[in-house]
Amino acid sequence: MAEKSRNFIEEIIDADLKDGRTRKVITRFPPEPNGYLHIGHAKSICLNFGLAESYKGYCNLRFDDTNPVKEDVEYIEAIKRDIEWLGFHWENECYGSDYFEFMYECALTLVEKGLAYVCDLTAEEIREYRGTLTQPGKNSPYRERSTEENLALFQKMRAGAFADGEKVLRAKIDMASPNLNMRDPVIYRIVHAPHHRTGDAWCIYPMYDFAHPLEDAMEAITHSVCTMEFEDHRPLYDWFIENCDCKNVPHQYEFARLSLTHTLMSKRYLKKLVDDGVVSGWDDPRMPTLSGVRRRGYTPEAIRDFAERIGVSKANSEVDIKLLEHCVREDLNKNATRLMGVLRPLKLTVTNYPEGKTETFMAEDLPGGEEKHEVVFSRNLFIEQEDFMEVKPNNKYFRLSVGGEVRLKNAYIIKCESVVKDGQGNITEVLCTYDPDSSTGGPTAGRKVKGTLHWAEEKTALPATVRLYDYLIDEQGELNTDSLTILNHALVEPFAGKARGRGRFQFIRQGYFTIDELDSEPGTLVFNQIVVLKDSFAKTLKS
RNA sequence: UGGGGUGUAGCCAAGUGGUAAGGCACGGGACUUUGACUCCCGCAUUCGUAGGUUCAAAUCCUGCCACCCCAGCCA
């Protein structure tokens, strides 16, 4: 049995700790409050909070709210709820906007050092001056303004003297750098829009590249872990830390973001699904959001286990969603209360069982477990339509057919004697006899029969609405609107009533059904079916 | 065709000069009052590729190939 290997970031930290560069590990999880967290964020959350946990440091939750037009307080609460649900605790709840004054001071420092200037070029002109991937850019005509003029102009920007887009503050670095991020990046832009936290206190807002390192420095972050696309922003990150004379020197490290097969995770698409009404909201059980999979019955333990298993590396990869499903099943299998349920009821009458008689059997909550609940048996039952065929198709058929025997789980072995049909020839009822000695502990309890069926008793079973969330995309890769939501009625054992709102249970064979904790509709169950958003659907959204 | 990054099994991923961990998936078998679970067994003579160094290379060197990211006043 091999030891759990350390990921490359842990090795960096080990080295930093060893040679004294770091005394206490401080990380941060810095979402922009512009959408809900999804499984991809879970990887980052587990990494950042997990690192802090295992090195006995701490992790801050920081809302990177430097762009007022995209952000909203609605998302802040949702994000906090999801992180807590995953089981992590932040040391400090921070906001980039809390540091606006500090960032402004830093910008002033850069201006005073001659390392930043106010530029009057339009957005289009800046793009033209930036050059291309293969050609160097050229200097802005405003690049050589005097420090005094820059100071005055920047202060006027803050004071609201200019309209949106009229001027920007830029870092003076190198317009010929092969790294486009270093070609005099914009660090402040004018946005006359109310900010969800600072209101109209500001009309200039710092850009990510400028704000992020300063936020990290402000919070004494030691290891600023982000995704690969920021790798070539690192020289800029270091440039700001150095030139703004930061006391704390954080370092940025990058890892590959999570990509899952059959799943779309960009906020842009998820937001479109919500805005277009394709789903009922960010927490629709078909969504790959944390709030969505939570409603689908995923557990935080399963997600954390998944994050652990996929590892952390720099290789861009696509993880098979089967691994996520495996983690969920494994956790559910250990902890999910077992109940029986019948989705599409087919009447079953035990003809040799006395009318009016009932018996109570004990059913294990978990296989082999101590906890049990009662199930009532009588002459009048229901089984799943799918579990019956008048004529068995072959010898690999494990369910009930005329002349065949099966066990009703937790109860008796029954034999199908005949069926009742309606005028159209549809089977409306199955007539069976039972073996009175075959219940648990009985003389013939050990008899081997082909299969075991779930069942529900006519009078004691609870009706419930089961919502089957099916694939958004059919096998041909086309959007199948008919399958979006299928409502079914089901009968479940009385125990379901007690479990409602907290329990999870395994249902029938293939899937896990969970009790929807967030749905207000009583007795609503959600079929644990993963949402599939195939590439073709991504194309549909793009067009 | 500028810069940055990544290539180990169908999918992730360890491995840091001493002869390819582990998980998922998959296949076979045992067990079973869930066709589930559990338990066994199998699954890379080879690490993108071509050379080189070495007693020894996935690991070091050189060339080549493939894929990802960057030209927002988004993050």
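Below, chains carry the letters A, B, ... as their sequence lines are ordered, and counting in each starts from 1.
Partners of A:Asp65 under the side chain to side chain donor-acceptor pair (under 3.5 Å) rule, at least two apart in sequence or in another chain, are A:Ser97. Here A:Arg28 pairs with A:His212, A:Ser224 under the side chain to side chain donor-acceptor pair (under 3.5 Å) rule; sequence neighbours left out. For A:Phe210, the ring-ring contact (aromatic ring centres under 6.0 Å, His included) criterion is met by A:Tyr188, A:Phe240, not counting sequence neighbours. Legend: residues meeting side chain to side chain donor-acceptor pair (under 3.5 Å) with A:Tyr434, ordered by chain and number and at least two apart, are absent. Residues satisfying the salt bridge (Lys or Arg N to Asp or Glu O under 4.0 Å) test with A:Asp435, not counting sequence neighbours, are A:Arg447. Under the side chain to side chain donor-acceptor pair (under 3.5 Å) criterion, A:Lys70 pairs with no residue, sequence neighbours left out.
There is no side-chain donor-acceptor pair under 3.5 Å between A:Asn67 and A:Tyr208. For the residue pair A:Tyr99 and A:Glu219, a side-chain donor N or O sits within less than 3.5 Å of a side-chain acceptor on the partner.
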Between the protein and nucleotides 65-68 of chain B, list every N/O to N/O distance that falls short of 3.5 Å.
from, atom 1, to, atom 2, distance (Å)
B:C68, O4', A:Asn316, ND2, 3.3

Please enumerate all protein N or O atoms sitting under 3.5 Å from an N or O of nucleotides 26-30 of chain B, with distances to 0.1 Å.
none

Protein-nucleotides 15-17 of chain B N/O pairs closer than 3.5 Å?
from, atom 1, to, atom 2, distance (Å)
B:G15, OP1, A:Glu11, OE2, 3.4
B:U16, O4, A:Glu11, OE1, 3.4

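The closest side-chain heavy-atom distance from A:Lys314 to A:Glu254 is below 4.5 Å.
Within 4.0 Å of A:Phe230, counting heavy atoms only, lies at least one base atom of the nucleic acid. The residue A:Thr227 sits apart from the nucleic acid: no heavy atom pair falls under 4.0 Å. Contact annotation for A:Val406: no contact, since no heavy-atom pair falls under 4.0 Å across all strands. The residue A:Ser313 sits close only to the backbone: its heavy atoms come under 4.0 Å of sugar-phosphate atoms, none of a base. Contacts of A:Val319 with the nucleic acid, taken as non-hydrogen atoms under 4.0 Å apart, involve only primed sugar atoms and P, OP1 or OP2.
No donor-acceptor contact under 3.5 Å links the side chain of A:Arg127 to the base of B:G72. Remark: the A:Thr440 side chain and the B:U33 base include a donor-acceptor N/O pair separated by less than 3.5 Å.
Rounded to a whole Å, the CD atom of A:Glu330 is 14 Å from the C1' atom of B:A36.
Distance from the side chain of A:Lys70 is smallest to B:C74 among B:A13, B:G4, B:C74. The side chain of A:Leu323 sits closest to B:C24 out of B:U33, B:A13, B:C24. Taking the side chain of A:Arg130 as heavy atoms from C-beta on, and the options B:A75, B:A25, B:G72, the nearest nucleotide is B:G72. Residue A:Leu133 has its side chain nearest to B:C70 when only B:C70, B:A75, B:C12 are considered. Of the candidate nucleotides B:G3, B:U33, B:C12, B:C12 has the atom lying nearest to any side-chain atom of A:Glu318.
Here the separation of B:G10 from B:C26, taken at their P atoms, is 15 Å to the nearest Å.
For the pair A:Gln135 and A:Lys396, both in contact range of RNA chain B, the more 5′-proximal nearest nucleotide belongs to A:Gln135. Looking at which nucleotide of RNA chain B each of A:Ser317 and A:Gly451 is closest to, the 5′-most match is held by A:Ser317.
Of the side-chain N and O atoms in A:Arg189, one or more sit less than 4.0 angstrom from OP1 or OP2 of B:A75.
Within the 6.0 Å centre-distance limit, the rings of A:Tyr412 and A:Phe361 are counted as a close aromatic pair.
For RNA chain B, the neighbouring residues in residues 115-126 of chain A, judged by any heavy atom under 4.0 Å, are A:Leu121, A:Thr122, A:Ala123, A:Ile126. A heavy atom closer than 4.0 Å to some atom of RNA chain B occurs in A:Pro178, A:Leu180, A:Val186, these being the qualifying members of residues 171-188 of chain A.
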Base-pair map of RNA chain B as dot-bracket, where | denotes pairing with a different strand and pairs are Watson-Crick or G-U under 3.5 Å: .(((((((.[[[..)..(...]]].(((((.......))))).....[[[[[..)....]]]]])))))).....

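Paired with A:Glu10 under the rule side chain to side chain contact (heavy atoms under 4.5 Å, CB included), one option of A:Ile12, A:Ile13, A:Asn7 passes, and it is A:Asn7.
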